[in-house]
Amino acid sequence: MKRIPKLLFAWRRSMALLVTGGAGFIGSHFIRLFLKKQRSDGKVINLDKLTYSGNLENLRDVEQSEGGKRYFLVRGDVCDASLVASLFSGSHPIFQSPALKLETPAGCSIHAVNHLAAESHVDRSIQDASDFYRTNVEGTRILVESARKFWGLGASGTAQNRFRYVQVSTDEVYGSLEPRQPRFTEESPLKPNSPYAASKAAADLTVLAYAHTYGLPALVTRCGNNYGPYQHPEKFIPLFITNAIEERLLPLYGDGRQVRDWIHVTDHCRALLEVLGRGEPGEVYNIGASEERSNLAVAESILQRLGKSRDLIRQVADRAGHDRRYALDAGKLESRLGWNAEQSFAEGLESTVGWYQENEAWWKRIKNAEFWQYYQKAYKFV
Ligand code: NAD
Ligand code: TYD
């Protein structure tokens, strides 16, 4: 029988969760799941700058659902220190809404943070890394600094059981594995290779430093490659599905033998909820589904599911500094928090291909003139 681990952090009606980047791919799934699972407890404030990758359409169904009454959007930048401080202190105008009436022990209006806002695409970080360091590193520092200040956490960490901060990091902070090397554990050294991965590693270590130095009740998660509905079509799986639907070429980098460890986005979000509620502050948790696949194998599965020719695959120049393999050992999350992935890659890919087939309007609005401009710069063959 599955052991249910102890709940260390519980929600009440008058508590608020700050989700950053909630209009993005993973953030929108996380908000949907949180509002569904928590039923009536806990309000969600989504702080999102709505960059090219933020999309309010991802949350339409949430806004219109029963849970939508507990959901509040603040359009803004995590690097805007006074805006972030106004959310923690409760002085932001959004708190005048009667629907957002909260308990504010210790004078802080935010009870937990799930920090997802980031510049997230490796290829863009290779073209220009400036926004990556600004948002991913400085944005994270501003958030943890505000959290520390408003929860009045001295070295003793007095408010530990009434506050949580979850940093959503990535397996890319560990760097690259050779084909037969053992999978990354939480003890593996951090050796990030791309500008994106380096910015995420800096953020990840900043959060751990705040947990260590100030007793901030923070947790770090490091997840593998996500896929599923609402993922921006610049990313590998949605790019290949949507290009194949349109009979466009699929730009496969190098020999296509690079390996990624894939996880369905809802399994990732289920793990984030477990970490928030049951994880030990100061700890790191890998999140992975043990579904290693080469890029070539994924491309072939997509084409086969769509009934399209293998000839659509076009091998193109490799990504600069391309990591060969990622693979995660998620044993700690499984044994300590009782989490297990529910979706196999085969089932998840099948339903994801179906979703992109049924939601052409969603991705066609994103694959607009600006997108094709980026695409032409990134993929010289077009
Ligand atoms: P995404 O690009 O789809 O979404 C990012 C969101 O952050 C967007 O809504 C964007 O508008 C918002 N944002 C960007 N800069 C901001 C700023 N300065 N202030 C406020 N909001 C800002 O990304 P995603 O794939 O959903 O990834 C979410 C998080 O999960 C990121 O931190 C990413 O590093 C991490 N992660 C992603 C994966 C993956 O496979 N996608 C895997 C592991 C970890
Ligand atoms: P991506 O979705 O960009 O995720 P990450 O680089 O963060 O792992 O890419 C997944 C894999 O697919 C990666 O090995 C790069 C490869 N890839 C291609 O071969 N062609 C492409 O056009 C893209 C976007 C990715």
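Residues: numbered from 1 along the sequence shown. Whatever order the structure lists them in is the order used to number ligands and atoms, beginning at 1.
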request  = Indicate whether any N or O donor in one side chain lies under 3.5 Å from an N or O acceptor in the other, for Tyr374 and Gln127.
outcome  = no
task = With sequence neighbours left out, write down each residue that passes ring pair (Phe, Tyr, Trp, His ring centres under 6.0 Å) with His92, or none if nothing qualifies.
result = none
query = With sequence neighbours excluded, what pairs up with Asp123 under the salt bridge (Lys or Arg N to Asp or Glu O under 4.0 Å) test?
reply = Arg319
task = Number the atoms of ligand 2 from 1 as they appear, then name those within less than 4.0 Å of a heavy atom of Val122, with their elements.
result = 6 (O), 7 (O)
inquiry  = My understanding is that we take every heavy atom of each candidate and find the minimum distance to atom 13 (C) of ligand 2. Doing that for His322, Arg124, Arg314, Glu234, which one comes out nearest?
reply    = His322
message = Side chain, backbone, both or neither: which applies to Asp323 and ligand 2 if a contact is any heavy-atom pair less than 4.0 Å apart?
response = neither
request  = Report the part of Arg319 in contact with ligand 2, treating N, CA, C, O as backbone and CB onward as side chain, heavy atoms under 4.0 Å; options are side chain, backbone, both, neither.
outcome  = side chain
task = Heavy-atom cut-off of under 4.0 Å around ligand 1: list whichever protein residues fall inside it, by chain and number.
result = Gly21, Ala23, Gly24, Phe25, Ile26, Asp48, Lys49, Leu50, Thr51, Ser53, Gly54, Gly76, Asp77, Val78, Leu116, Ala117, Ala118, Ser120, Thr135, Val168, Ser169, Thr170, Tyr196, Lys200, Cys223, Gly224, Asn225, Asn226
ask   = Could you go step by step and tell me if Ser290 and Arg183 meet the side-chain hydrogen bond (donor to acceptor under 3.5 Å, both in side chains) rule?
value = CA-CA 9 Å; Ser290 297; Arg183 296 177 294 168; 2.9 Å; yes
request  = Please report the shortest heavy-atom distance between Ser109 and Ala16, naming the atom on each side.
outcome  = O-CB, 3.7 Å
query = So, is the end of the Arg248 side chain (NZ or CZ) under 6.0 Å from the ring centre of Trp372 and within 45° of the ring's axis?
reply = yes
task = Among all protein heavy atoms, pick the one closest to atom 16 (C) of ligand 2 and tell me residue, atom and distance.
result = Asn295 ND2, 3.4 Å
note = Quick note on ligand 2: atoms under 4.0 Å from a heavy atom of Leu239 include exactly 22 (O)
All pairs passing ring pair (Phe, Tyr, Trp, His ring centres under 6.0 Å) where residues 272-293 contributes a residue, at least two apart = none
note = ligand 2 atoms nearer than 4.0 angstrom to some heavy atom of His121 are 3 (O)
inquiry  = What protein heavy atom lies closest to atom 20 (N) of ligand 2? Include the residue and the distance to one decimal.
reply    = Pro251 O, 2.7 Å
ask   = Between the side chains of Lys367 and Asn243, does any donor sit under 3.5 Å from an acceptor?
value = yes
request  = Evaluate the criterion ring-ring contact (aromatic ring centres under 6.0 Å, His included) for residue pair His111 and Phe163; output intermediate values, then yes/no.
outcome  = CA-CA 5 Å; His111 301 80; Phe163 185 72; 8.4 Å; no
key: Sub-4.0 Å atoms of ligand 2 with respect to non-hydrogen atoms of Glu172   = 5 (P), 7 (O), 8 (O)
query = Taking only heavy atoms of Tyr379, which atoms of ligand 2 are found under 4.0 Å from at least one of them?
reply = 21 (C), 22 (O), 23 (C), 24 (C)
task = List the steps and the verdict of side-chain hydrogen bond (donor to acceptor under 3.5 Å, both in side chains) for Glu57 and Tyr230.
result = CA-CA 9 Å; Glu57 279 187 53; Tyr230 299 112; over 6 Å; no
note = So for Asn225 against ligand 2, with non-hydrogen atoms under 4.0 Å, the contacting part is side chain
Options Tyr253, Phe236, Tyr196, Tyr227, ranked by nearest heavy atom to atom 19 (O) of ligand 2, top entry = Tyr253
ask   = According to a 4.5 Å side-chain heavy-atom criterion applied to Ile, Leu, Val, Met, Phe, Trp and Tyr, with indirect links allowed, do Tyr196 and Leu116 form part of one hydrophobic cluster?
value = no
query = If you draw the axis of the six-membered ring of Phe132, does the NZ or CZ of Arg124 fall within 45° of it and under 6.0 Å from the ring centre?
reply = no
